Structures are given as structure tokens and as C-alpha cells.
Amino acid sequence: MVEYSSPNTNKPLHLGHLRNNFLGWSISEIFSASGYNVHKVQIINDRGIHICKSMAAWKLFGNGETPQSSGLKGDHLVGKYYVKFDQVYKEQMASMDPKADPEKNAPIMKLASEMLIQWEAKDPETISLWKIMNGWVYEGFDKTYQRMGVDFEKLYYESNTYLLGKEEVLKGVESGVFFKKDDGSIWVDLTNDGLDQKVLLRSDGTSVYITQDIGTAILRFRDFPKISRQVYTVGNEQEYHFKVLFLILAKLGYSWAKECYHLSYGMVDLPTGKMKSREGTVVDADDLMQEMVNDFAEETKQRGKIEELSEAEQKELFEMGGIGALKYFLLKVDPKKRMLFDPVESIALQGHTAPFIQYTHARIRALIRKADTMQLDMGSLSISSLEPLERDVLLVITQYPQKLAEAAREYAPSVIANYAYDLAKGYNQFYQSIAIFTETDASKLKFRIAFSQVVADLLKKSMWLLGISVPEKM
RNA sequence: GGUCCGGUAGCUCAAUUGGAUAGAGCAUCAGCCUUCUAAGCUGACGGUUCGGGGUUCGAUUCCCUGCCGGAUCACCA
């Protein structure tokens, strides 16, 4: 089982989510290709103070605005009010007496806090607004996920799972795994494991973040009894959290705890500094994808090689190239490492990019189409000697199984991304120096055609593992 | 302060897990389309692999130490 994504429902998806989603999807494919039966799941953070902030601002300033009335995508509309909240909140705090604890008592924050309490008390009006606004967000997310090309077998909602785990914790107290402090709060002592003590239930008996994760982990193994491993695709800022979680699950006696793995990936930095959603210095996922597709489209039109394609085929190609370039850019780097996203330079379509590999594939396919018209007998293939460049490519071809195994072992799609590049690069060298159709030796000619087809198939397969399609023409 | 991650060409990244002269792309410069798609190919330029020790026949890789950058250590999620 692979978990990825985990968005908050108060704002649209951004660049950070793209790395997460593409990684999660790719890892799932890599494991599928390695013979595993993979279940893709995500958990949606649909409750909490963050969504109440958007709700509060909408209630105060929204004037009944909806996605239909505004023409805005649902998640963007809700995100707009989240930003609005922050803006108003700051203004209110600035105008208040510092002694009055403005952080808590700013009117708009008080409203959001009240809404959270009302939500937990199942107040009908609050629940209704919450459902409506989350509904808008899901409509928006659906479009974004569709364009990203990611999907999920099962969705978990925090509003359903946030109370889970409490019983497990109480059971743990009885069996002596956890302990209770005088104020009634419940803790786990991990000092023997080199960590600290960690609270599991507040003194008022309510759950914290990790309580919920204990519950969902157990729930997952109940929902999917056959799974042997659970992979959490979550940023490396939560490494401590998962270390604690897995230790707790082991202490509770779950034998599968050692099969839980945190696929921890680094942040995506922007040249100006790191991404901070609160300050608005994020790159919106929808905008970015659109930009990439536009750039690719423009570049392609300039080259003028696709006039014979229909409008629909062209559109499909632009999508393939633009989204592909973006995915490749985010996946070619080792997931563990933080990486830099330069909005200007990252849009490159030459060199070590998806379009380079897609182009190599398209060129081979053109070659194969030509060969098909020659009606060669491909049944009998024999070759006595290889050119050095052919030998080089052949060597890369045979590396595929090792690379796939390595990618699965290291949880690293980057291994596949770099492999596809090496293969394309090697083939291009061969392609450039050896003209195939001028070859007079029939067995050599047939070998080169078959050999090219193998490369095309392998490029297609590798790129598929990254969630990237390859075109017949470009 | 404790813990964890990272530091490789001007920039972005590789390096078969300890192997031979550390490789690609971008950028810069010089070449290659009458021939299967030039989003390509060839060449040049570019390195004290952060510094200092150590282990080893051999270290970008392992150990120690220092420096720099980041994350994390909430009765937040």
C-alpha cells in the first residue's frame, strides 16, 4: 500500500504537492512492475482550524459567492478566502492592544475557533457550510488530479479518522506500554529508543495528531488484510513523527509495524527562498501545469513538424509534453534531496528532460512506420557482429531489470528517470552516426530495426513508470 | 543545545553502493541538416568532490573532527 498526497481542504494544491503526488504515483507503478499488488490511498485533511479559517472569511466577506457565480475553480475560491482570512487577521492584530492577546482574541480568529467547536458539536449550520465548501474543493481537486494523471483506490477523510486510535491508546495504558500523568494526559516513553516522551492523549482526553495516525494505520491493515507493507509518502519535515509512530505501533505489538516505511522526500525550494503558503510564495499546481503546457505548445508550433496532426491530437501532444516535462523535472532528482525549482529555467525542453526522451521515442516510431511499409521478414534475426555504438546501447538495454530493482529497493523513481535518459542518449548517438535504411546487408538492416523497436518499447515502459506518456510524432 | 539530512564544474543534477582518467544537462565558444524528425549529434571550456585528519592496495562513497545550509525536538496538524 502506498499513501500519498494528503492535502488540506482550505486551499489549492501547489508545487510541493506535485512532487508528492508524482513520487507516490511513480513508486506505486514501480512496485506494480516489480510484481506487487499495490493499493493507492490518500488521507484528506478535511477538518480542523485551517478549513474553519476559510469558512469564517467566506461567511464575513463572501456575499454568497460560489464557484458558479464567480467562475473560479472551487479550490481556488476557498483558497481565496483563506488568504483573505490571513490578511484580515493580521490587520486586526495590528490594531489591537498587545495586552489583549490579539493572537487569540482577534475577532476573525475567535469566529474561526467558535466554528471549530460548533463543528465538533455537530452544529447543523456549521456542518452544512463545511460540507458545501469542502464540496467545492473536491470538485477543484478532481480536475487537478485528473490533469496530473494520479488517482487513488481509496480515500480516507480525517473527519472520519480523527477520533480513531483513542481506544488503542487506552488499551496500551492497561497493558503498561503507555503511562498516565497526574493531570490525566497519556504518554509514551521513548527515551530508551533515543527519543523523548510523547503525548498521546491530552489531559482533557482528546486526541492529538499521532493518535489519529495510530488509528488509521490499524484501520488500513484491517481494510486491506493482505498488504505486506505500507509506504507513507510524506515530506521529510515529518521524519520524527513517523519514527515515533512506527515505534509505538511496534510497542503495541503489531508485527507489521516493521513493514511501515516513510518515503521521506525533500522540499522544493524556490530561488527567492523556500515556499511558504501563508505568505503566498507558493507556485500553484494548476497555474504551473498550464504554463508548462503553453510553453511546450508554443515551442512545438514553432518547430512546425506536426501540421498533419488533428486539433485533438495536437492538444493531446501538448499535454503530454508539458506535463511530462514537469513530472520529469520533479522526478529526476533523488527524492531524499531537497531540490531547487527555478520557474524560468525549469521550463527547459532540451537536454536532460522529458521532451528529449519523448522526441527520441517519436523518431524511432517514425523509423518503424517506414520499416513496416517495406514488408521485411522479421522472423529470422541473426547478427554476426555489432558496431561499438550498438554494443553500448545493448548494454544499457540489458540493465533495465537491475534498474527497476534498484528503484524499488531505494524508493527512487530518479533511478528510472536517469536510466531512460541514458538509454535515449545512447540511442541518439547510434542513430546519428549510423543510417539504417542505407544499409545493404539485410540481416544488419533487420537487426537495427528490431533493436530500435526494443529501445522504443523500453523508453515507453520507463516513462510510464514515471507517469509520463510518449508520443508517436512530435 | 540534542537528533536527522545535505554540501560534487558558474548553475541544476549523476556516479553501478569502496574501484580504473569523477560524468550529463544548462550557460559560453567552434562545428554537423540534398541522406531515417537538428527538441538531435560532435568537439572545446569548466573539478583541491566544503576544510582537516584517519581506515584501505584504492575514498565522492566508510570513521573522527571542524565549517556552512536545512529540517525537527508542541497537550499544532
Side-chain angles (χ1 to χ4, degrees), chain A residues 6 8 43 45 47-51 158 162 181 183-187 190 194-213 235-244 264-267 269 271 274 296 299-300 302-306 321 325 329 332-334 336-342 344-346 348-371 374 389 395 399 402-403 406 409-410 414-415 417-419 421-422 424-425 427-439 445 448-449 452 473-474:
Chain A
S6 56
N8 290 341
I43 183 148
N45 304 312
R47 55 137 241 136
I49 192 69
H50 53 270
I51 178 68
E158 195 197 349
Y162 82 109
K181 286 196 176 171
D183 62 5
S185 55
I186 292 172
W187 295 71
L190 297 172
L195 304 175
D196 290 325
Q197 296 188 346
K198 183 93 186 168
V199 70
L200 301 178
L201 281 180
R202 299 192 185 95
S203 48
D204 64 7
T206 55
S207 318
V208 292
Y209 178 47
I210 196 152
T211 324
Q212 176 197 153
D213 266 359
N236 61 10
E237 69 274 8
Q238 292 202 38
E239 261 166 25
Y240 184 79
H241 171 76
F242 282 102
K243 215 178 272 182
V244 171
S264 161
Y265 61 89
M267 288 186 138
D269 288 330
K274 50 183 179 174
F296 183 85
E299 189 73 26
T300 305
Q302 271 181 20
R303 292 174 196 274
K305 294 181 185 175
I306 54 156
F329 179 82
K332 75 175 175 186
V333 181
D334 182 343
K336 290 196 297 283
K337 295 193 176 177
R338 56 189 299 140
M339 62 179 296
L340 185 77
F341 180 85
D342 185 326
V344 182
E345 301 210 352
S346 301
L349 304 171
Q350 278 117 351
H352 192 177
T353 65
F356 171 87
I357 297 165
Q358 290 169 323
Y359 177 71
T360 304
H361 178 268
R363 237 173 20 175
I364 297 175
R365 291 300 305 157
L367 210 145
I368 300 298
R369 282 193 297 274
K370 183 171 178 183
M374 298 168 70
L389 285 171
L395 184 68
Q399 283 172 349
Q402 294 157 241
K403 293 292 180 179
E406 189 188 340
R409 190 177 67 240
E410 305 289 330
S414 56
V415 171
N418 288 314
Y419 172 76
Y421 177 71
D422 289 342
K425 185 82 184 163
Y427 182 83
N428 281 338
Q429 288 166 354
F430 156 78
Y431 176 93
Q432 208 75 215
S433 68
I434 299 172
I436 291 176
F437 291 111
T438 53
E439 178 59 58
L445 172 63
R448 282 173 191 162
I449 290 166
S452 298
K473 295 175 185 174
M474 72 181 272

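Every chain is numbered from 1, with letters handed out A, B, ... down the list of sequences. Note that this is a predicted model, so its numbers are computed, not measured.
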Visitor: Using atom names, set out every protein N or O paired with an N or O of nucleotides 13-16 of chain B below 3.5 Å, distance rounded to 0.1 Å.
Guide:
| from | atom 1 | to | atom 2 | distance (Å) |
| --- | --- | --- | --- | --- |
| B:C13 | OP1 | A:Leu340 | N | 2.9 |
| B:A14 | OP1 | A:Asp334 | N | 2.7 |
| B:A14 | OP2 | A:Lys337 | NZ | 3.1 |

Visitor: Could you tell me whether A:Tyr162 contacts a base, only the sugar-phosphate backbone, or nothing, with contacts defined as non-hydrogen atoms closer than 4.0 Å?
Guide: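 Contact class for A:Tyr162: none.
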
Visitor: Run the salt bridge (charged side-chain N to carboxylate O under 4.0 Å, His left out) test against A:Glu406 and tell me which residues pass, sequence neighbours left out.
Guide: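 Applying salt bridge (charged side-chain N to carboxylate O under 4.0 Å, His left out) to A:Glu406 gives none.
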
Visitor: Who are the ring-ring contact (aromatic ring centres under 6.0 Å, His included) partners of A:Tyr431, not counting sequence neighbours?
Guide: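 Checked A:Tyr431 against ring-ring contact (aromatic ring centres under 6.0 Å, His included); zero matches.
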
Visitor: Mind checking what makes ring-ring contact (aromatic ring centres under 6.0 Å, His included) contact with A:Tyr240, not counting sequence neighbours?
Guide: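 With neighbours one apart ignored, the set is empty.
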
Visitor: For A:Thr360, check side-chain hydrogen bond (donor to acceptor under 3.5 Å, both in side chains) against everything at least two apart and list the hits.
Guide: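 Testing A:Thr360 for side-chain hydrogen bond (donor to acceptor under 3.5 Å, both in side chains), a comparison that skips the adjacent residues, returns A:Asn428.
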
Visitor: Tell me which nucleotide, if any, is Watson-Crick or G-U wobble paired with B:C62 when both distances must be under 3.5 Å.
Guide: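 In the structure as shown, B:C62 has B:G54 as its Watson-Crick or wobble partner.
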
Visitor: Would you tabulate the nitrogen or oxygen pairs shorter than 3.5 Å linking the protein to nucleotides 72-74 of chain B?
Guide:
| from | atom 1 | to | atom 2 | distance (Å) |
| --- | --- | --- | --- | --- |
| B:C73 | O2' | A:Asp196 | OD2 | 3.0 |

Visitor: State which residues pass salt bridge (charged side-chain N to carboxylate O under 4.0 Å, His left out) with A:Glu439; sequence neighbours excluded, sorted by chain then number.
Guide: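 Counting only residues at least two positions away or on another chain, A:Glu439 forms a salt bridge (charged side-chain N to carboxylate O under 4.0 Å, His left out) with A:Arg448.
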
Visitor: Restricting to salt bridge (charged side-chain N to carboxylate O under 4.0 Å, His left out), what partner residues turn up for A:Arg47, sequence neighbours left out?
Guide: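 Testing A:Arg47 for salt bridge (charged side-chain N to carboxylate O under 4.0 Å, His left out), a comparison that skips the adjacent residues, returns A:Glu120, A:Glu158.
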
Visitor: Taking ring-ring contact (aromatic ring centres under 6.0 Å, His included) as the definition, give me every residue that meets it alongside A:Phe437, ordered by chain and number, with sequence neighbours left out.
Guide: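 In terms of ring-ring contact (aromatic ring centres under 6.0 Å, His included), with neighbours along the sequence ignored, A:Phe437 is linked to no residue.
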
Visitor: Sugar-phosphate atoms are those with a prime plus P, OP1 and OP2; base atoms are the rest. Using that split, label each nucleotide of nucleotides 30-36 of chain B B, S or - for protein heavy atoms under 4.0 Å, 5' to 3'.
Guide: ------B

Visitor: Just jot down the ring-ring contact (aromatic ring centres under 6.0 Å, His included) partners of A:Tyr427, sequence neighbours excluded, or say none.
Guide: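 A:Tyr427: ring-ring contact (aromatic ring centres under 6.0 Å, His included) contacts with A:Phe430.
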
Visitor: Could you check whether A:Arg365 gets within reach of a base, just the sugar-phosphate, or nothing at all, counting any heavy atom under 4.0 Å?
Guide: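 Nothing, no heavy atom under 4.0 Å.
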
Visitor: List in chain and number order the residues that pass side-chain contact (heavy atoms from CB on, under 4.5 Å) with A:Asp334, two or more places apart in sequence or in another chain; answer none if no residue qualifies.
Guide: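 Here the qualifying residues are A:Lys336, A:Lys337, A:Ser414.
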
